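Take a look at the structure below.
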Amino acid sequence: MAAEQGIPALQALLEAEAPHLLEKREKKERREGLPELKNAVKGKVVLRFAPNPNGPLSFGHARGIVINGNYAKEWDGKLILRFDDTDTVVKPPLPVAYKQIPEEAEWLLGFKPHRIVIASEQMPHYYEHATQMLEEGFGYVCQCSGETFKEFRVSKTECPCRDNTPSLNIELWTKMMDGTFVPGDAVVRVKTAMDLKNPALRDWPALRIQNTAEHPHPRESIGSKYRVWPLLDFQSAVEDKIQGVTHIIRGKDLMDSTRKQVLLYEHFGWTYPETTYWGRVKVHEWGGFSTSQMRRDIEAGLFTGWDDPRLPTLSALRSRGITAKALRDFWVELGVTQKDISVPLSTLYSHNTKSIDDDAPRLSFIRQPESVTLDGEHPNQVEVEVHPNHTSRGMRTFDVSNKVIWIENEDLLKSEVRLKGFANIQIEGKKAQMGSIDRNDRRPIIHWLPEPSTSNATLLVAEDGEVKHIEGKLETHSYPEGTMVQLERIGYARVIDSTTLIFTHS
RNA sequence: GCUCGUAUAGUGUAGUGGCCCAUCAUGAAGGACUCUCAUUCCUUCGACCCGGGUUCAAAUCCCGGUACGAGCACCA
């Protein structure tokens, strides 16, 4: 048709018959930030981040906080911080974590989580739902051993306990509660089809007995009060319903957990929240990390504490000078794909540089200092900028009236150098012949310090699993603890006290 | 073994059938600016796992393969 009647005729026809085809599609633009949250309603979104408080937060936890927190903020919703502390034996909670985690979360987010929920305080709710499950017959008390049940699960055989009447189940439930049964004797299971394709889902366990006499819950108000405890899949499912959670974003290792929970929601007649997953993240330099392992290592004295700069905890990163903004930008950039990824620390560092460089005052720190005596005429004072991009921040004054300066051992080998902000020199042994005050050639520029108003200082560097103490001469300063500074020609560091710094990154 | 998931430059990431000889960041190399090996700016490098199929048209949909990861705990 185009050939016979020409393009205009075609266009006219289209305009009459199907004008939408002529509309130019908008140029696709690169999506900024996180992907759109499915089925989200402004102001109605409820998300949660639910760590086990068996230790303070680690780098990996930050993802859960940042992603869920950003969505909550974006949709004017709520972020719940929930302590899933229902295991007193295998990964028991750590009391300090209840206080530390909310503080760390707030630091990271820039706002307080809207609600804090502690699972161990919600036990009556879980019991109530467990009872309902037994009464209505979609759950049962199973007295088979773990081994026996495993065989049933693999062979798709129905466990004989499935046939218990509701009244028998309630009777057995009472025995779980009153101490007649001990751990291992009985467990409450959720009924599913035993021929489900996925073996992980078949009649999954919902509550078990824990020996809380020997392993009391570390929260004093709970202690040995309860013997029967919900497992994650049950506790989390019920709690999400109670709290009105609308969206769950979590690791893809919990995909089968979602499937189990959906089965439970169907029994209760509830609708499961919208769920998305992210894949596993490894940091090149750290490999994997487990809170339980860190806890053991700290208790064994391998590390000084949870904020030991070698550890990938949030408190350690923070005390090393990684900012909350850098962590947020980092995790948002990684997004919520289900890919398993491995990222180098340099990615985090580049975000950190962006967040601190503009503020960080410059300081001179001389490693392996060597003293050199200036030979020749020169002014008694030298002024150097606090920040090269912000002259309004003033100058640092170096007093060179006694002619003795410190330079790095390494720089001593170069004969013709320029003292930054001062003058050219020619190094001959321990003497430095003064050259031009004006910069009149391209010779290398080195950082240096005058002998007065200089302190012996230590730069702590966490590297290759150890904390190195680098001694040197530090420019006298009065920046408070926590200030991020840039050590000229070395990198960024965080002030611990007037003579101690911790290295952040270059 | 059974089940589930993922696969775009070195590393991350955008992309849901035509705008894609593919986006952005990071990285590397070079350069500009600069009295820091910093910051900022510019340039260059570099990718759709493999094989089929559907379609006028596939990074995008389907099937198979491969690789990697996860679950199958009385852990979270």
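Worth saying up front: this structure is predicted, and the values here are computed from it rather than measured. These values consider heavy atoms only, across backbone and side chains, with no hydrogens, waters or symmetry-generated copies. Chain naming here is simple, since letters A, B, ... match the order of the sequence lines and numbering starts at 1 in each.
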According to the interplanar angle, ranging from 0 to 90°, do the rings of [X] and [Y] count as parallel (below 30°), tilted (30 to 60°) or perpendicular (above 60°)?
| X | Y | value |
| --- | --- | --- |
| W173(A) | Y127(A) | perpendicular |
| H505(A) | Y349(A) | parallel |
| H477(A) | Y479(A) | parallel |

Gap in Å between the two [atom1] atoms, one belonging to [N] and one to [M], rounded:
| N | M | atom1 | result |
| --- | --- | --- | --- |
| rU60(B) | rC19(B) | C1' | 14 Å |
| rC61(B) | rU23(B) | C1' | 22 Å |
| rC35(B) | rC21(B) | C1' | 46 Å |
| rA59(B) | rG51(B) | P | 13 Å |
| rG64(B) | rC56(B) | C1' | 26 Å |
| rU39(B) | rC4(B) | P | 48 Å |
| rG27(B) | rC63(B) | P | 40 Å |
| rA76(B) | rU36(B) | C1' | 48 Å |

Tell me whether the side-chain N/O atoms of [X] come closer than 4.0 Å to OP1 or OP2 in [N].
| X | N | result |
| --- | --- | --- |
| T86(A) | rA76(B) | yes |
| K354(A) | rU26(B) | yes |
| K339(A) | rU8(B) | yes |
| K252(A) | rC4(B) | no |
| T337(A) | rU13(B) | yes |
| R82(A) | rA76(B) | no |

Please pick, from [options], the nucleotide with the shortest atom-to-atom distance to any side-chain atom of [X].
| X | options | value |
| --- | --- | --- |
| L231(A) | rC75(B), rU39(B), rG12(B) | rC75(B) |
| R418(A) | rC35(B), rU26(B), rU3(B) | rC35(B) |
| K420(A) | rC2(B), rU36(B), rU26(B) | rU36(B) |
| Q338(A) | rG5(B), rC37(B), rA76(B) | rG5(B) |
| V90(A) | rC75(B), rU11(B), rA76(B) | rC75(B) |
| V343(A) | rA70(B), rU11(B), rU6(B) | rU11(B) |
| Y492(A) | rA70(B), rC75(B), rA38(B) | rA38(B) |
| M255(A) | rC4(B), rC75(B), rA70(B) | rC4(B) |
| S350(A) | rG27(B), rC2(B), rG69(B) | rG27(B) |
| R362(A) | rC35(B), rU11(B), rA38(B) | rA38(B) |

What contact category does [X] fall into here, base, sugar-phosphate, or nothing, at under 4.0 angstrom with non-hydrogen atoms?
| X | value |
| --- | --- |
| S506(A) | nothing |
| G335(A) | nothing |
| C142(A) | nothing |
| E333(A) | sugar-phosphate |
| S236(A) | nothing |
| G421(A) | base |
| L232(A) | base |
| D84(A) | sugar-phosphate |

Quick one: the side chain of [X] and the base of [N], do they pair up donor-acceptor inside 3.5 Å?
| X | N | answer |
| --- | --- | --- |
| R280(A) | rA70(B) | no |
| K91(A) | rC75(B) | yes |
| Q486(A) | rU36(B) | yes |

Hey, mind stepping through F398(A) and F422(A) against ring pair (Phe, Tyr, Trp, His ring centres under 6.0 Å) and telling me if it holds? CA-CA 10 Å; F398(A) 287 180; F422(A) 185 19; 9.1 Å; no
For [N], which nucleotide in any strand shown is its Watson-Crick or wobble partner with both distances under 3.5 Å?
| N | result |
| --- | --- |
| rC33(B) | none |
| rC4(B) | rG69(B) |
| rA38(B) | none |
| rA25(B) | rU11(B) |
| rC19(B) | none |
| rG51(B) | rC63(B) |

Select from E408(A) and A50(A) the residue whose nearest nucleotide in RNA chain B is closer to the 5' end of that strand. E408(A)
Nearest-nucleotide check on RNA chain B, L207(A) vs I490(A); residue mapping nearer the 5' end is I490(A)
Tell me the interatomic distance from [X], atom [atom1], to [N], atom [atom2], rounded to whole angstroms.
| X | N | atom1 | atom2 | value |
| --- | --- | --- | --- | --- |
| I67(A) | rU13(B) | CD1 | C1' | 13 Å |
| Y277(A) | rG69(B) | OH | C1' | 15 Å |
| I341(A) | rA14(B) | CD1 | P | 10 Å |
| L263(A) | rC4(B) | CG | P | 14 Å |
| F149(A) | rC74(B) | CZ | P | 9 Å |
| K260(A) | rC74(B) | NZ | P | 9 Å |
| K282(A) | rG10(B) | NZ | P | 20 Å |
| L334(A) | rA14(B) | CG | C1' | 14 Å |

Is R162(A) salt-bridged to D203(A), cutoff N-O under 4.0 Å? yes
What about W286(A) and F59(A), are their ring centers closer than 6.0 Å? yes
So that I know where these two stand, are W204(A) and F234(A) an aromatic pair - ring centroids less than 6.0 Å apart? no
Q368(A) atom CD, over 12 foreign heavy atoms within 6.0 Å: no
Taking everything shown except E383(A) itself, do over 12 heavy atoms lie less than 6.0 Å from its CD? yes
Between Y126(A) and E239(A), does any side-chain donor sit less than 3.5 Å from a side-chain acceptor? yes
